[in-house]
Amino acid sequence: YMSVKNVGNEDINIESVVLAGDEAENVTKTIPAGGKVEITASFSSLVLDAGTTVVEGVLVTDGGVYPFSAYVITTS
């Protein structure tokens with residue numbers, strides 16, 4: 001999951017989350033001005049090389065496209 005805060009003075013709509021070229025399923029959310037939301041992103045075809053610890057992605061909103069880095073946490 002990821003936590004996203006809107007530091008602006010207008011509501012913003014999250015349209016998609018893209019991680020390593022794969023678009024997450026069902027992540028549309030509205031973040032109120034000054035508010036914060038947690039997003040759970042599921043990726044159906046994301047494939048990472050063994051040992052990958054950081055992946056680059058973008059958050060696509062109606063206010064622009066914002067790059068981010070995500071840390072990979074694996075569980076067994």
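All values below were derived from every heavy atom in this structure, side-chain atoms included, with hydrogens, water molecules and symmetry-related copies excluded.
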Residues in side-chain hydrogen bond (donor to acceptor under 3.5 Å, both in side chains) contact with Asn6, at least two apart in sequence or another chain: none
Test item: Phe68 and Val17 side chains (from C-beta on) under 4.5 Å apart, heavy atoms: yes
Verdict with reasoning, Val4 to Leu59, per side chain to side chain contact (heavy atoms under 4.5 Å, CB included): CA-CA 10 Å; Val4 181; Leu59 183 68; 3.8 Å; yes
Apart from Val60 itself, residues in the same hydrophobic cluster as defined by side-chain heavy atoms under 4.5 Å: Val18, Val58, Val65
Test side-chain hydrogen bond (donor to acceptor under 3.5 Å, both in side chains) applied to Ser3 - qualifying residues, sequence neighbours left out: none
Partner residues of Glu15 under the side-chain hydrogen bond (donor to acceptor under 3.5 Å, both in side chains) criterion, sequence neighbours left out: none
Approximate separation, where rounding is to 0.5 Å, of Asn26 CG and Glu23 CD: 10.0 Å
Pairing residues for Val54 by the side-chain contact (heavy atoms from CB on, under 4.5 Å) criterion, not counting sequence neighbours: Glu56, Ser69, Tyr71
Nearest atoms (heavy-atom pairs only) where Leu19 meets Ala70: CD1-CB, 3.9 Å
Pairwise distance CD1(Ile12) to OG1(Thr61) - rounded to 0.5 angstrom: 3.5 Å
Name the atoms and distances for all side-chain donor-acceptor pairs under 3.5 Å in residues 29-43, with sequence neighbours left out.
{"unit_1": "Thr30", "atom_1": "OG1", "unit_2": "Asn13", "atom_2": "OD1", "d": "2.6"}

